[in-house]
Amino acid sequence: MKSTVNIIGSGFSSLAASCYLAQAGYNVTVFEKNDTIGGRARQLTKNGFTFDIGPTWYWMPDVFERFFSDFNKKPSDYYTLEKLNPAYSVYFGKNDYITIEDTLEKITDAFEAEEPGSAKKLKKFIDTAKSNYNIAIKDLVYNPGVSPLELVTPATIKKLNQFFSTIKKDVRKEFKNDRLVKILEFPVLFLGAKPSDTPSFYSFMNYADFGLGTFHPKKGMYQVILAMEKLAIELGVTIKTKSNIEKIIVDNGKAKGLICNGKTYTSDIVLSGADYHHTETLIEKPYRQYSEHYWSKKTFAPSSLLFYVGFDKKLINVDHHTLFFDVDFDVHAEAIYDTPSWPENPLFYASFPSKTDHSVAPEGKEAGIFLIPLAPGLEDTETLREAYFEKIMTRFEALTSQNVKNDVIFKESFCINDFIKDYNSYKGNAYGMANTLLQTAFLRPKLKSKKVKNLFFTGQLTVPGPGVPPSLISGKLVAELITKHCSI
C-alpha cells in the first residue's frame with residue numbers, strides 16, 4: 001500500500017513537490033482553496049484580455065529546465081519561450097530612459113555610453129556574479145537548510161567576505177552614475193530586501209538578469225503552472241480546487257490528515273505549500289514551531305498594490321517590462337522597511353505583455369499590469385487604491401508622453417487585503433520572507449516540522465527563499481526530505 005501525502009496549496013512549490021513525490025511512488029492529493037490552481041501565480045481573464053495575477057518575470061531558465069528534465073521532459077514540451085529584446089527599460093525622467101537589451105555585449109555598450117569606463121567595471125562585476133550564480137545553483141540552493149555546514153564548501157569559503165558586505169556597498173564602490181547604480185541594485189528586489197541589507201553574494205541575481213536574460217512564456221507565466229499541472233496529473237497526482245483546509249489533524253504528535261470543507265482526509269504525510277504562519281494556525285499551539293513574536297521580528301518581503309488594466313489602444317514609449325525609477329528609491333524603501341507607510345511618491349513597475357504576445361489582448365488594444373511595492377500590514381482601502389492609481393497614471397502619462405487615462409476600458413486591483421483573503425498571506429506580504437544575511441539558508445523556517453512528525457513545509461517562507469525558481473527548488477528539497485524520513 002502506497003503512503004499517502006496531502007498537500008495544502010497549488011503554487012509552484014506545491015506542484016513541484018507533488019510531481020517529485022508522485023514520481024517517488026507516493027499517492028499524492030493537492031488541495032487548493034481557490035477556484036483555480038496556481039497560488040499567487042493565478043490568471044485573470046476579462047473582455048478578451050489575459051493577465052498574470054502574480055509573477056510576470058521569467059528568469060533563471062536553467063532552473064525550469066532542470067525541473068522538467070528530472071521527469072525526462074523539457075519546458076518546450078509544454079510551452080513556448082521567447083527571449084525578450086529589450087529585456088526591459090528603466091525610466092528616470094520625462095522621455096529619459098535606459099534600455100537593457102538581450103545580450104551582455106549590448107548592455108555593456110549601454111553602460112559605457114552612460115558612464116565612460118563603466119563597461120570594464122561591469123564585465124568584472126558580472127564575472128563575479130556568474131561565479132556566484134554557479135556556486136549558488138550547484139552548491140547552495142539545492143540544500144535543505146538543516147545545517148550551517150551546508151554553506152561551507154571549498155567554493156563558498158573563498159567567497160566568505162561576500163556574506164558580510166552588501167550589494168549596495170559593492171555597486172556604489174564601482175559605479176558613480178546613479179542611474180546605473182539603480183539598474184544594478186534592481187535585481188535583488190526579487191529577493192525581497194533592500195540592497196543595503198542583501199549580502200554581496202546575491203549579486204548572482206545580476207547574472208540572472210544580464211547574463212541569462214529575460215524570457216516570456218507565450219500566453220503568460222500561467223502556462224508554466226498549467227505545464228506543471230499536466231505533468232502532475234500524468235504522474236498520478238489528484239488535484240482538488242475549492243478545497244479550504246480548516247485543520248491539520250495531529251494525533252500523538254504525528255500528522256494524520258486534513259479537515260477540508262468539513263470532511264476528513266486521512267494521510268500518512270501532510271505537506272503545506274500555503275503560507276507558513278497560517279499553516280501553523282491549523283494545528284494546536286503546543287505543536288507550533290514559531291511564535292507570533294518570532295514572525296513579528298522577521299523581515300518580510302514587500303506586499304504590492306497591483307492594477308490589471310485593459311487599454312483601448314496600443315501604447316507607445318514602453319516595453320514589455322518597464323520600470324519607473326524617477327523618484328527617490330531610498331525614500332520609498334524606507335516606507336517599506338523602516339517606517340511602514342504608504343509612500344508619498346512610489347516607484348512602480350509596469351508590464352505590457354501584449355507588446356510581445358498578441359494572444360493576451362484584443363487586436364489594437366493593450367494589456368497593462370502596474371505594481372507598486374508596499375510594506376506588509378498597511379491599511380488597504382478602495383480610496384487609497386484609487387488615489388495611487390491616479391498618482392501613477394499621471395506620472396506614467398508625463399514620463400512616456402502620451403495620454404492614456406481616457407483609454408482605460410477597465411481596471412482590476414489587488415492589494416494587501418486580497419493577499420490575505422486569497423492566500424492567507426502573513427500581513428498580506430506578496431513575496432514571502434526577505435533573503436537577508438540572518439534569514440538565509442538554515443536560518444529560515446524549516447522544511448520539516450520539529451514538533452510534529454510527518455508534517456512538512458515548502459514555499460517562499462522557507463528555503464531557498466522568495467521567487468519562482470526558488471519555489472521550484474523548494475518543492476524538490478521538501479520531496480527529498482520526505483522520501484528520506486518517511487517510507488513509502
Side-chain angles (χ1 to χ4, degrees), residues 1-22 26-40 42 229 232-233 236-292 294-295 417-428 445-462 474-475 478-479 481-482 485-488:
M1 187 78 175
K2 289 183 180 180
S3 290
T4 56
V5 183
N6 285 341
I7 299 180
I8 305 171
S10 66
F12 282 108
S13 56
S14 290
L15 289 176
S18 77
C19 292
Y20 286 111
L21 290 168
Y26 291 87
N27 191 336
V28 183
T29 302
V30 173
F31 296 82
E32 168 56 54
K33 76 184 283 284
N34 292 307
D35 295 348
T36 57
I37 65 163
R40 285 168 167 79
R42 292 181 301 154
E229 176 191 39
I233 291 170
V237 175
T238 299
I239 299 175
K240 297 177 179 288
T241 55
K242 302 179 184 177
S243 298
N244 184 49
I245 304 305
E246 292 141 8
K247 187 177 181 180
I248 295 171
I249 302 166
V250 179
D251 184 19
N252 262 343
K254 186 174 183 180
K256 292 286 191 177
L258 307 169
I259 297 177
C260 170
N261 297 337
K263 184 177 177 182
T264 297
Y265 292 85
T266 60
S267 64
D268 301 296
I269 299 150
V270 172
L271 166 61
S272 179
D275 179 271
Y276 206 123
H277 168 270
H278 170 73
T279 302
E280 290 216 311
T281 69
L282 301 176
I283 54 180
E284 302 298 327
K285 274 191 175 180
Y287 293 123
R288 298 175 193 175
Q289 303 171 93
Y290 304 108
S291 67
E292 290 297 323
Y294 170 90
W295 294 111
N417 291 346
D418 301 298
F419 281 103
I420 295 170
K421 176 175 67 74
D422 288 2
Y423 311 130
N424 297 308
S425 172
Y426 181 73
K427 292 188 176 180
K446 302 301 182 187
L447 292 167
K448 182 178 183 293
S449 173
K450 296 175 288 187
K451 293 190 174 183
V452 179
K453 189 176 180 183
N454 291 1
L455 175 61
F456 295 83
F457 301 83
T458 187
Q460 56 193 7
L461 285 178
T462 183
S474 186
V478 77
L481 269 190
I482 290 171
H485 290 280
C486 308
S487 59
I488 298 175

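Nothing fancy with the numbering, it's 1 onward along the sequence. Everything quoted here is computed from the prediction, not taken from an experiment.
Residues K240 and C260 form no side-chain contact, since every pair of their non-hydrogen atoms from C-beta on lies 4.5 Å or further apart. L258 places none of its side-chain heavy atoms less than 4.5 Å from the side chain of T264. Side-chain contact between I37 and I239 is present, with heavy atoms from C-beta onward closer than 4.5 Å. The closest side-chain heavy-atom distance from I482 to I269 is below 4.5 Å. Taking the side chain as every heavy atom from C-beta outward, H277 and Y290 never approach each other to under 4.5 Å. Considering only heavy atoms from C-beta on, F457 comes within 4.5 Å of T279 through its side chain. The shortest distance between side-chain heavy atoms of I7 and V28 falls below 4.5 Å. By the 4.5 Å heavy-atom criterion applied to side chains, P445 and Y294 are counted as neighbours.
Looking only at distances, no side-chain donor or acceptor of E32 sits under 3.5 Å from a matching main-chain atom of G38. Side chain of N261 to backbone of N244: a donor-acceptor contact under 3.5 angstrom is found. A donor-acceptor pair under 3.5 Å is absent between the side-chain atoms of N424 and the main chain of H278, judged by distance alone. Not a single donor-acceptor pair under 3.5 Å links the side chain of S243 to the backbone N or O of F31.
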Could you go step by step and tell me if N27 and T4 meet the side-chain hydrogen bond (donor to acceptor under 3.5 Å, both in side chains) rule? CA-CA 5 Å; N27 191 336; T4 56; over 6 Å; no

- Task: Using the side-chain contact (heavy atoms from CB on, under 4.5 Å) rule, take E280 and E292 through it: C-alpha gap first, then chi angles, then the decisive distance, then the call.
- Result: CA-CA 10 Å; E280 290 216 311; E292 290 297 323; over 6 Å; no

Q: Would you sort out whether T462 and S474 count as a side-chain contact (heavy atoms from CB on, under 4.5 Å), showing the intermediate values?
A: CA-CA 8 Å; T462 183; S474 186; 3.9 Å; yes

task = Please step through side-chain contact (heavy atoms from CB on, under 4.5 Å) for the pair D275 and L461, ending with a clear verdict.
result = CA-CA 7 Å; D275 179 271; L461 285 178; 3.7 Å; yes

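Ring planes of H485 and F456: tilted class, angle from 30 to 60°. Under the 30°/60° scheme for interplanar angles, the aromatic rings of W295 and Y276 are found to be tilted.
Atom-to-atom distance recorded for K448:NZ and N454:CG is 7.5 Å, nearest 0.5 angstrom. The line from NZ of K453 to CG of D251 is 12.5 Å long, rounded to the nearest 0.5 Å. From S272, atom OG reaches atom CG of N6 across 11.5 Å, with rounding to the nearest 0.5 Å. Between the CZ atom in R42 and the CG atom in D35 there is a gap of 8.0 Å [rounded to 0.5 Å]. The distance from the NZ atom of K451 to the CD1 atom of I283 is 9.0 Å, given to the nearest 0.5 Å. Here the straight-line distance linking atom OH of Y265 with atom CD1 of I259 works out to 11.5 Å at 0.5 Å rounding.
For the residue pair S14 and G273, the shortest heavy atom distance occurs at OG-CA, 3.3 Å. Between N34 and D422, the closest heavy-atom pair is ND2-O, 3.1 Å.
With hydrogens and angles left out, the side-chain atoms of T29 and T238 include no donor and acceptor closer than 3.5 Å. Side chains of R288 and T281: a donor-acceptor N/O pair is absent below 3.5 angstrom, by distance only.
Within 6.0 Å of the CD atom in E284, the count of heavy atoms belonging to other residues, nucleotides or ligands does not exceed 12.
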